[in-house]
Amino acid sequence: MKTPVRVAVTGAAGQIGYALLFRIASGEMLGKDQPVILQMLELPMEKAQAALKGVMMELEDCAFPLLAGMVGTDDPKVAFKDADYALLVGAMPRGPGMERKDLLLKNAEIFTVQGKALNDVASRNVKVLVVGNPANTNAYIAMKSAPSLKAANFTAMLRLDHNRALSQLANKANVAVADIKKMVVWGNHSPTMYPDYRFATVGGASLKDKINDADWNANTFIPVVGKRGAAIIEARGLSSAASAANAAIDHMRDWALGTNGEWVTMGVPSDGSYGIPEGVMYGVPVTCANGEYTRVEGLPVDEFSRAAMDKTLAELEEERSGVAHLL
Ligand code: NAX
């Protein structure tokens, strides 16, 4: 049996946490031969800590063979101690009458503290995935607050958008979701994201040629993927949880175990490629191998794509300027 790895999960008593922890403990994220120690963070409030306790009791009652230990805490330095993986799910939700700017600032406080704690106590190779919204900017703040960790180890979750796009395409083209390769989602996890299937293939043939419908792309596909989160809230009365947890599992599994050359979307620190200046967390296509991701380089950017990629970039730059004074 391998040595256990430490997996920190914040917001562990929330709805995504509830859909996520049991799958991590059962080996779906890091493999059926990899024991895990779950280190769970919740707010100090009595209600949150009681709910966390309940989740831990249920984890215990599953008797997962791979669950080698559990820690429940309200202290980020305890939760992130020696963490090999950190899934930052907990965030401040938008309250009634709260401006977007206030939301950004409230979350900036949380992710500054958590970035510093990661910096101080996590494994030097910790892989960080930020799920809590605004995910890209929160990931940027955590990264900036952790100068002694590698910037490349901070990522934001665009995988739910990627998976949503795959399913929309599979339905449209009447093909199996598993047969679609080379999907990309550029930019911010927000309605400005740009799901781009210009390079996608099915059985090696171009999916774009098969669909051949520019009007559907611009007026149905892109807005449906971009507004899918709102559509789930409308239908369910609650935001996406199981699908978000599933995307977090996909993201971490692929990062840790590799993609065998297949493309997936991750929000990663921009490096100047594709005309996206350094200094934002931007969704790009990557492949993963040996615990590292590599950006897919050299894809052509046409006029329509340039405009879409710049629009989501502008939103990220605006979010960044809203928190710049804190970093
Ligand atoms: P919930 O409100 O159900 O759970 C969040 C949990 O986090 C709560 O239990 C809360 O007590 C805890 N929490 C808040 N601040 C914390 C802190 N500073 N430290 C530790 N715990 C803290 O929300 P849930 O539905 O689980 O969603 C969590 C986050 O994911 C939200 O920010 C949400 O907007 C975001 N999402 C991001 C997605 C993405 O694709 N990147 C998709 C799904 C989801 O909307």
Legend entry - Expected output: side-chain Asn290 to main-chain Glu292 donor-acceptor under 3.5 Å: no
Inset, instruction - Answer yes or no: is there a donor N or O on one side and an acceptor on the other, between the side chain of Arg320 and the main chain of Gly279, under 3.5 Å? - result: yes
Inset, instruction - Search all heavy atoms of Val268 against all heavy atoms of Arg295 and return the closest pair with its distance. - result: CG2-NH2, 3.5 Å
Inset, instruction - Determine yes or no for a side-chain-to-main-chain donor-acceptor pair under 3.5 angstrom, with Arg236 supplying the side chain and Ser239 the backbone. - result: yes
Inset, instruction - Mind listing the closest non-hydrogen atom pair of Leu52 and Gly72 along with its distance? - result: CD2-CA, 3.9 Å
Inset, instruction - For the pair Asp161 and Arg228, find out whether any cationic side-chain nitrogen is under 4.0 Å from an anionic carboxylate oxygen. - result: no
Inset, instruction - With sequence neighbours excluded, give me every salt bridge (charged side-chain N to carboxylate O under 4.0 Å, His left out) pair touching residues 182-201. - result: Asp196-Arg198, Arg198-Asp302
Legend entry - N-O pairing of Arg306 and Asp310 below 4.0 Å: yes
Inset, instruction - Output yes when a side-chain donor or acceptor of Gln34 lies under 3.5 Å from a complementary backbone atom of Lys2, and no otherwise. - result: no
Legend entry - Electrostatic pair Glu28-Arg253, nearest N-O below 4.0 angstrom: no
Inset, instruction - Please check if any side-chain donor atom of Asn119 sits under 3.5 Å from a side-chain acceptor atom of Ser148, or the reverse. - result: yes
Legend entry - Between Tyr194 and Ser305: side-chain donor-acceptor atoms closer than 3.5 Å: yes
Legend entry - Flag, side chain of Thr259 to backbone of Cys288, donor-acceptor distance under 3.5 Å: yes
Legend entry - Asn125 and Ser123: side chain donor to acceptor below 3.5 Å: no
Inset, instruction - Apply the test side chain to side chain contact (heavy atoms under 4.5 Å, CB included) to residues Val284 and Met266: give CA-CA distance (whole Å), side-chain angles for both, the deciding distance (0.1 Å), then the verdict. - result: CA-CA 6 Å; Val284 292; Met266 287 168 69; 5.9 Å; no
Inset, instruction - Please answer whether the main-chain N or O of Ala91 pairs with a side-chain N or O of Asn107 as donor and acceptor at a distance below 3.5 Å. - result: no
Legend entry - Under-4.0 Å salt bridge between Lys127 and Asp84: no
Inset, instruction - May I ask you to check whether Trp186 and Tyr274 place their ring centers less than 6.0 Å from one another? - result: yes
